[in-house]
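Written below as structure tokens is the structure these notes are about.
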Amino acid sequence: MAVQEHNDFVNVGKEETAIGKRQSLDPKKYLSLDGNSLTIADLVRLGKGLFNIKLTTEAEGKINEAREVIETIIKENRVVYGVNTGFGKFAHMLIPKDKLIVERTRMLLALRINVLAKGYSGVSMETVQAMVKAFNASCLSWVPEKGTVGASGDLAPLAHLTLGLMGEGRMWSPQRGWDDAKTVLECHGLTPLVLKPKEGIGLINGTQMMSSLAAEAVERAVGVARQADIIAALSLEALRGTTKAFHNVHAVRPHPGQIEVALRLRSLLHSDVFPSQISDSHRTCDRVQDAYTLRCIPQVHGVSNDTIAFVKSILTTELNSATDNPLVFAERGETISGGNFHGEYPAKALDYLAIGVHELASMSERRTERLVNPSLSELPAFLVQDGGLNSGFMIAHCTAAALVSESKALCHPSSVDSLSTSAATEDHVSMGGWAARKALRVVEHVEQVLAIELLAACQALEFLRPLKSTTPLEKVHELVRTVVRPWDHDRQMSPDIEAAHTLLREEKVWEAARPYMDQYRDRPDPPHNPQTPPPSGASLSGIRRHGGRYRLSTYSHPSGPQPSIHLMGYL
């Protein structure tokens, strides 16, 4: 064990991650960075400490070429902004707490190295390699999570990142915990950076703080969104809802996310592939349609999925972009002062992400309300016997409602705000740092609200026994019961919610159901659902399989011929 500040301790060689499970800090694999091909998933893996970093040969060549331009400017004694002009001392932020956790600092450093590997910053190979060595040794600077307006990039956080590498301020490593930066570097045989011309501004200008936090937010959003479909299916089954709304109708509104979610629901709920005794038990029910939070799952969850895909596209571009200033173009032998550091792209995308992902929790909380409300569920009140003696899931539902309400405030976009800084030179800023932090908080709230629904839906199934659900949903129920026992009388619920939250964070719910969903997708002859006729007066023709997907070639409507529609998702 190594002592941290405030008598905290950290395991040597291992650490508790905020992104996933405990991971070894002695990785043997390398991830090559070239400034062009870093993925969101790989950046998150770097944050977990799963890979060391090395530069590609091509990246090294570009770095050296750009540095030669800077050296020429110095030799010719030309005055160029950011090369041989002052940019100010590194600011020691007067913020005693709210530092980035270790995993996020590791992501920040990795992303900064990737941007430098692109070869447009004019930073020397010696400096970049020193940063790579610090990353591979997990020597990580103390970086505040607050203090950036996202205009000239994330100046203050990146300044602190560089400060530690210079042997100043605080730094963390698995062997030393938090200690004086110079001591930590020396302990690992590393030499503090000595910055050359252009390198100061080259290391603190850019959008890497907001972008690294965004990468975690997007990666977690992807995981929780697809598991939200599974949890919603569990709730619909427990509430004995109809599956009619998840067939044919989606082909005539072919949004990719909507089509994909509808297919997931069909693969999980009653079918000839995976029959459900629960569904069979109410087949004679004359219910035509359910409440929106059940019936409209494909439409609402679908746009959340499409939102995440859009943000992921924006962010992937941002991760592999040169965002400092001035930029060095070696092929032309010149430097150009521009505005690539402005964080509006990630800021706007992150605001959109928060809004889109929040709806998953909004829907989830309403389904939990239906599960605990006996007038809506026809189940025992608050999903517990002896309701006069036990409160059951009442307070858990209150927790979900509180988290959803808090997220509504967090979904107010930060990127619509701007405060002029730097003597009115930076007169429009993105507030991307706050956009990233609150998007992450919203994603976490979504995970927690869905964890509560997962527990409630599994508890509801207990009251429908001995009837069984479909194979994939029963596998999810079995998974939950490995960490949380049924609720027979009141007990402390927070450990149960935390255990369910962990299942979602580690994507165990997805792993449990996915093989069966794939089996449904890959069946040779997809059956027609006789319960759901095509829309009145309309007919679909020319549906053909495309390597696991279906493409709708023609669409006939009473009003006349319609253009061909090519579906990008699953029917």
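- Salt bridge annotation for Arg45-Asp42: present, with a cationic side-chain nitrogen under 4.0 angstrom from a carboxylate oxygen.
- Between the OG atom of Ser211 and the CG atom of Leu38 there is a distance of 10.5 Å, given to the nearest 0.5 Å.
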Begin from the C-alpha positions of Thr207 and Glu318 and carry the test side chain to side chain donor-acceptor pair (under 3.5 Å) through to its verdict.
-> CA-CA 8 Å; Thr207 62; Glu318 190 72 9; 2.7 Å; yes
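- Under the 3.5 Å distance criterion, with hydrogens and angles disregarded, no donor-acceptor pair is assigned to the side chains of Glu453 and Thr368.
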Could you walk me through whether Lys312 and Glu219 pass salt bridge (Lys or Arg N to Asp or Glu O under 4.0 Å), step by step?
-> CA-CA 9 Å; Lys312 187 173 183 177; Glu219 190 74 357; 5.1 Å; no
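- In this structure, Tyr352 has its ring center closer than 6.0 angstrom to the ring center of Phe310.
- Contact check for Leu461 versus Ile278: side-chain heavy atoms found under the 4.5 Å cut-off.
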Show the numbers, then the answer: is there a salt bridge (Lys or Arg N to Asp or Glu O under 4.0 Å) between Lys99 and Glu145?
-> CA-CA 5 Å; Lys99 64 178 178 295; Glu145 66 173 14; over 6 Å; no
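- Here Gln227 pairs with nothing under the side-chain hydrogen bond (donor to acceptor under 3.5 Å, both in side chains) rule; sequence neighbours left out.
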Where do Leu213 and Arg104 land on the side-chain contact (heavy atoms from CB on, under 4.5 Å) test, with the steps shown first?
-> CA-CA 7 Å; Leu213 295 181; Arg104 291 170 185 166; 3.6 Å; yes
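- The CZ atom of Arg106 lies 10.0 Å from the CD1 atom of Ile53; values are rounded to the nearest 0.5 Å.
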Check the pair His397, Glu365 against side chain to side chain donor-acceptor pair (under 3.5 Å), reporting the backbone distance first and the verdict last.
-> CA-CA 7 Å; His397 173 244; Glu365 181 273 329; 2.8 Å; yes
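- The line from CG of Asn114 to OG of Ser321 is 10.0 Å long, rounded to the nearest 0.5 Å.
- Rounding to the nearest 0.5 Å gives a distance of 9.5 Å between CG of Leu467 and CZ of Arg240.
- Side chain of His255 to backbone of Gly257: no donor-acceptor contact under 3.5 angstrom is found.
- Judged purely by distance below 3.5 Å, without hydrogens or angles, the side chains of Ser276 and Glu237 pair a donor atom with an acceptor atom.
- For the residue pair Thr399 / Gln448, no side-chain donor-acceptor distance below 3.5 Å is found, with atom types taken as modelled.
- For the pair Arg523 and Tyr520, the cation sits on the ring face: its NZ or CZ lies under 6.0 Å from the ring centre, inside 45° of the axis.
- Across all non-hydrogen atoms, the minimal contact from Ser377 to Leu371 is OG-O, 3.5 Å.
- His160 and Trp142 make their closest contact through CB-O, 3.4 Å (heavy atoms, listed as atom of the first residue, atom of the second, distance).
- Going from atom CG of Asp154 over to atom OG1 of Thr148 covers 3.5 Å, rounded to the nearest 0.5 Å.
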Any chance you could lay out the side chain to side chain donor-acceptor pair (under 3.5 Å) test for Gln208 and Thr323, step after step, and finish with the verdict?
-> CA-CA 9 Å; Gln208 284 67 60; Thr323 58; 3.0 Å; yes
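- Salt-bridge formation is detected for the pair Arg521/Glu260: a Lys NZ or Arg NE/NH1/NH2 atom is positioned less than 4.0 Å from an Asp or Glu carboxylate oxygen.
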Working for side-chain contact (heavy atoms from CB on, under 4.5 Å), residues Arg437 and Leu440 = CA-CA 5 Å; Arg437 289 191 291 116; Leu440 260 176; 5.8 Å; no
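- Nearest approach of Leu504 to Ala451, heavy atoms of both residues: CD1-N, 3.6 Å.
- Ionic pairing of Arg485 and Asp496 is not present here: no N-O contact between side-chain nitrogen and carboxylate oxygen is shorter than 4.0 angstrom.
- Residues Val303 and Gln258 have side chains not in contact (no heavy-atom distance under 4.5 Å, counting atoms from C-beta outward).
- Salt-bridge annotation for Arg370 and Glu378: absent, with no side-chain N of the basic residue lying under 4.0 Å from a carboxylate O of the acidic one.
- For the atom pair Asp417 CG and Met431 CE, the distance stands at 4.5 Å (nearest 0.5 Å).
- In terms of heavy-atom proximity, Val449 sits nearest to Ala400 at CG2-O, 3.8 Å.
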Stepwise side-chain contact (heavy atoms from CB on, under 4.5 Å) check, Leu265 with Thr243 | CA-CA 8 Å; Leu265 292 172; Thr243 62; over 6 Å; no
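- Side-chain atoms of His445 and His358, non-hydrogen and from C-beta on, never get closer than 4.5 Å to each other.
- Considering only residues two or more places apart in sequence or on other chains, Glu478 meets the salt bridge (Lys or Arg N to Asp or Glu O under 4.0 Å) condition with Lys475.
- A 4.5 Å side-chain heavy-atom check between Val357 and Thr307 finds every atom pair outside the cut-off.
- The two residues Ala435 and Ala347 make their nearest non-hydrogen contact at CB-O, 3.8 Å.
- Asn390 and Asp488 get closest at one heavy-atom pair: ND2-O, 4.4 Å.
- Two residues are said to be in side-chain contact when any heavy atoms from C-beta on lie closer than 4.5 Å; His247 and Arg266 meet this criterion.
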Residue pair Leu268, Leu234: steps toward the side-chain contact (heavy atoms from CB on, under 4.5 Å) verdict = CA-CA 9 Å; Leu268 293 163; Leu234 270 172; over 6 Å; no
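- Within 6.0 Å of CZ in Phe274 there are more than 12 heavy atoms belonging to other residues, nucleotides or ligands.
- Annotation for Lys348: atom NZ counts as buried by contact number, over 12 foreign heavy atoms lying within 6.0 Å.
- Take Trp487 and apply the ring pair (Phe, Tyr, Trp, His ring centres under 6.0 Å) test, not counting sequence neighbours, and it matches Phe393.
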